[in-house]
K.L.:
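One structure, as structure tokens, below. Some questions next.
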Amino acid sequence: MREDAEALDIRDVTANWVNAEVLARQIGERIKALADLSHTPLFFGRLDYLHAPGADRAEGAEGERFYIGRRHVHDADGDPMVIDWRAPVSQPFYRASKKDPLDVGLRRRFGYTGGDLTAYEDEHLCDPTVETAGTSKLLQQEIERPRVGPMRDIVATIQPEQDEIVRSDLSGSLCVQGGPGTGKTAVGLHRVAYLLYAHRDRLARTGTLVIGPNRSFLHYIEQVLPALGELEVKQATVDDLVGHVEVRGADEAPAAVVKGDARLAEVLRRAVRSHVTLPTEPVMVVRGSRRWRVPAYELEGIVRELLDREIRYGAAREALPQRIAHAVLVQMERSGEAPDDRVQDAVARNPAVKAAVKAMWPPVEPAKLVLRLLSDADFLAVHADGILTDDEQKTILWAKPARSVKAARWSAADAVLIDETTDLVQRTHSLGHVVLDEAQDLSPMQYRAVGRRCTTGSATVLGDLAQGTTPWATRSWQEALTHLGKAEAHVEELTAGFRVPTDVITYASRLLPHIAPGLTPVASVRENPGFFDVRPSTADAHVIAACEELLRNEGSTGLIAADARVPALAEALTAAGIGYLAPGEETTYETRLTLVPASLAKGLEYDYVVLDEPQAVVDGEPDERTGLRRLYVALTRAVSGLIVTHAAPLPPQLVQGIV
């Protein structure tokens, strides 16, 4: 297929050079999409149907055999050899069972080692004389396969409850609550791939976006969609979306909490609308020898009507001169003239009309407005009256007001306020679908910023309430979805753990009653309980020894520690001659150890993990509950084994229940 695309001759099939350039680009993208991916086989399963799909079973139509893979593959005659996993005929590969075989007589799974076919496993779903093993061995092996480098797709191991989420309709928004290792991130990415398959033309026009918590996380997941043949999906952080100004400062937690509160949206709305001034003087328009007068009361009526419509400030400002011009045209028609649209446009551009518009509805620069709110106590007090308390207003006011937008030390929360103000002035472009991962850490104002990017589209929200590690972490999904503008979204919960071993998730779940009471613990479906050990240590050398021990195994190893401990451990690793990477740099197989600050561990996974000083991880956060949530995240990054080392006593919440 790739060779056919490369051999296309377009010299005589285009009308001009522009069409030739467009066609050449499309062919180039097609060739790129057909590139071979090392160690990624084209097919991973087979379905033998009892009857031809769509045929009348009474006719006895012989069934067909389909190979299922990451993308569609056809032969030289155009006949399919591999069916895309997203096609309707492929769905029974994920959903069929002995109880409901979906007309599938045999399901075959293929096993690979380094890209070579090494095994296969059959399930006879409609033959009562053949017993099928409870859990697929190949499925278990694929789930437990060592992880080195960026995140990979799970297309061969999607489970029925995951497949239902992946294939949910584009028209509705969806929220997925999932504990560590339940595959929520992979489900979200595969949902993007499915939607692009099922609604490609629509999403090609409107766009698709994946939003992650930080650059390290985005780098970790960036190869999943290309492996599924999707190369055009954009990825960003919330900070990227609201990057109207350079962020050079940081807020204390109390200020960040207030700035992230949804009440700030009303403060900003008031501040924007305060720029509107009701007219006290008429407008006199001179055209040739005639003068046309629009009285102040009529101008006031126009302004009040625009205010009552609650349209964007900028859109209303653009409409105002046309409304004034229309009032002039009405007078012209009454006097016997017959003006047309060109006359109305000319009147709207009249200097007197422009001056009146500037006086009544002056332009607003979002960054300057937010700068004034955070610098001018009186201006803030007027617009926050009845919304923020006096103490809250003092909390967000800058101690040293900046003289200009460029000189200001904007924080990440300030950038979100500017984005909100920008949307009040001019509507934000909406995409067709947005996937928001690790959503539990967003503030209400950040949810609003994301929601603006999908007002006319849908969203897939992924997160775990137990892993919220910000002072403003989400308390309930319904509240979060309301701020997102998707209150009607359906909430699904994934509770089957495929990544974290049983012993590890059981140990970490001791924290759940203290960080997320009432949340269903993850139940690991792994047959391998995993390696787990808690070891007292008296020196960094013991931590390094634990890393050396785990590095003897195949796969990746992560050394996770409180942020304050990272420099000392980096020095100890260097002294021991052990190479290591930072999160997001895992692109090489030579260096298999990553030194991970606890603040960046969320969303990442490693075959083996050494967790240094759990109590230090807790103490590194502003309060105990947030610290315990950070610890819960760190404890659940391991796929095959975990060693916990500690010199200080363990947090009492972890010790409880130990016999």
Side-chain angles (χ1 to χ4, degrees), residues 165 168 171-180 182-185 187-189 191-192 209-214 217 236-242 253 256-268 412-413 415-417 419-420 423 428 430-431 433-495 512 515-520 522 602-603 623 625-626 629-630 632-633:
I165 295 172
S168 297
S171 60
S173 292
L174 192 65
C175 176
V176 181
Q177 157 65 39
T182 54
K184 57 185 178 294
T185 295
V187 165
L189 294 173
R191 174 160 164 71
V192 171
L209 177 67
V210 174
I211 302 174
N214 51 57
F217 178 84
T237 65
V238 174
D239 291 343
D240 294 332
L241 299 181
V242 300
V257 170
V258 177
K259 290 179 181 179
D261 195 300
R263 292 175 296 162
L264 264 294
E266 176 59 21
V267 175
L268 293 169
V416 177
L417 298 182
D419 189 71
E420 179 84 25
D423 186 70
T428 303
S430 176
L431 299 166
H433 192 77
V434 170
V435 174
L436 175 62
D437 205 353
E438 300 295 348
Q440 72 279 346
D441 276 335
L442 267 60
S443 69
M445 290 298 284
Q446 287 176 316
Y447 277 116
R448 290 175 62 88
V450 174
R452 285 191 285 277
R453 272 74 187 178
C454 54
T455 50
T456 58
S458 56
T460 299
V461 179
L462 313 167
D464 179 13
L465 296 177
Q467 296 187 58
T469 52
T470 56
W472 50 82
T474 302
R475 291 172 293 185
S476 76
W477 287 124
Q478 192 55 54
E479 178 183 340
L481 292 169
T482 300
H483 293 312
L484 190 70
K486 305 294 182 184
E488 77 291 347
H490 182 61
V491 180
E492 293 278 358
E493 186 171 9
L494 295 175
T495 58
L512 281 180
I515 61 177
L519 205 62
T520 305
V522 173
K602 192 170 298 178
D623 60 83
R625 188 177 188 186
T626 303
R629 287 182 168 183
R630 184 76 72 189
Y632 180 73
V633 172

K.L.:
Any side-chain to backbone donor/acceptor pair from R453 onto S430? Under 3.5 Å, distance only.
P.N.:
no
K.L.:
Side-chain contact test, heavy atoms from C-beta onward, threshold under 4.5 Å: evaluate it for L442 versus L436 and give yes or no.
P.N.:
yes
K.L.:
Do W472 and D261 pass the side chain to side chain contact (heavy atoms under 4.5 Å, CB included) test, and can you show the C-alpha distance, the side-chain angles, and the key distance before you say yes or no?
P.N.:
CA-CA 8 Å; W472 50 82; D261 195 300; over 6 Å; no
K.L.:
Considering non-hydrogen atoms only, spot the tightest contact between A439 and Y447 and give its length.
P.N.:
O-OH, 2.5 Å
K.L.:
Begin with the C-alpha distance, continue with both residues' side-chain angles, and end with the deciding distance and a verdict on side chain to side chain contact (heavy atoms under 4.5 Å, CB included) for V416 and L264.
P.N.:
CA-CA 10 Å; V416 177; L264 264 294; over 6 Å; no
K.L.:
If only atom types and distance count, is the side chain of Q478 paired as donor or acceptor with the main-chain N or O of A487 below 3.5 Å?
P.N.:
yes
K.L.:
For atom CZ of R475, is the number of surrounding heavy atoms from other residues, nucleotides or ligands below 6.0 Å larger than 12?
P.N.:
no
K.L.:
Are the side chains of V434 and V450 in touch, meaning some heavy atoms are under 4.5 Å apart?
P.N.:
yes
K.L.:
Test side chain to side chain contact (heavy atoms under 4.5 Å, CB included) on V435 and R191; report intermediate values, then the result.
P.N.:
CA-CA 9 Å; V435 174; R191 174 160 164 71; 5.9 Å; no
K.L.:
If we ignore hydrogens and angles and just use 3.5 Å, is the side chain of K184 paired with the main-chain N or O of G178 as donor and acceptor?
P.N.:
yes
K.L.:
Of all residues at least two apart in sequence or in a different chain, which pass the salt bridge (Lys or Arg N to Asp or Glu O under 4.0 Å) check with R452?
P.N.:
D419, E420
K.L.:
Test R629 against Q467 for side chain to side chain contact (heavy atoms under 4.5 Å, CB included), laying out the working first.
P.N.:
CA-CA 5 Å; R629 287 182 168 183; Q467 296 187 58; over 6 Å; no
K.L.:
Quick one: does L494's side chain get under 4.5 Å of I165's, heavy atoms only?
P.N.:
yes
K.L.:
Report yes or no: does K486 contribute a side-chain atom to a donor-acceptor pair with the main-chain N or O of C454 at less than 3.5 Å?
P.N.:
yes
K.L.:
Give me the atom names and distance for the closest heavy-atom approach of V257 to P471.
P.N.:
CG2-CB, 3.7 Å
K.L.:
Looking only at side chains, do Y632 and T469 share a donor and an acceptor under 3.5 Å apart?
P.N.:
no
K.L.:
Please report the shortest heavy-atom distance between H483 and A262, naming the atom on each side.
P.N.:
CE1-CB, 3.6 Å
K.L.:
Are Q446 and T470 close enough that some pair of their side-chain heavy atoms sits under 4.5 Å apart?
P.N.:
no
K.L.:
Return the CD to CZ distance between E438 and F217, rounded to the nearest 0.5 Å.
P.N.:
5.5 Å
K.L.:
So, the side chain of D437 versus the backbone of G212: is there a donor-acceptor pair under 3.5 Å, distance only?
P.N.:
no
K.L.:
How far apart are the closest heavy atoms of T474 and A480, and which atoms are they?
P.N.:
CG2-CB, 3.7 Å
K.L.:
Report yes if some heavy atom in the side chain of T626 is under 4.5 Å from a heavy atom in the side chain of I515; otherwise report no.
P.N.:
no
K.L.:
To check you understand the geometry: which heavy-atom pair defines the closest contact between S458 and S173, and what is its length?
P.N.:
CA-OG, 3.6 Å
K.L.:
To the closest 0.5 Å, what do you measure between CD (E493) and OG1 (T520)?
P.N.:
4.0 Å
K.L.:
Counting only N and O atoms by type, is there a donor-acceptor contact under 3.5 Å from the side chain of E492 to the main-chain atoms of V176?
P.N.:
no
K.L.:
For W477 and Q177, which heavy atoms make the closest approach, and how far apart are they?
P.N.:
NE1-OE1, 2.9 Å
K.L.:
So do the side chains of L519 and D464 get within less than 4.5 Å of each other, counting heavy atoms only?
P.N.:
yes
K.L.:
Side-chain contact, heavy-atom cut-off 4.5 Å: V187 with T185?
P.N.:
no
K.L.:
Does E266 have any salt bridge (Lys or Arg N to Asp or Glu O under 4.0 Å) partners at least two apart in sequence or in another chain, and if so, which?
P.N.:
R269, R270
K.L.:
Taking the side chain as C-beta and beyond, is there a heavy-atom pair between T460 and H433 under 4.5 Å?
P.N.:
yes
K.L.:
To the nearest 0.5 Å, what is the distance between CG (L209) and CG (L241)?
P.N.:
6.0 Å
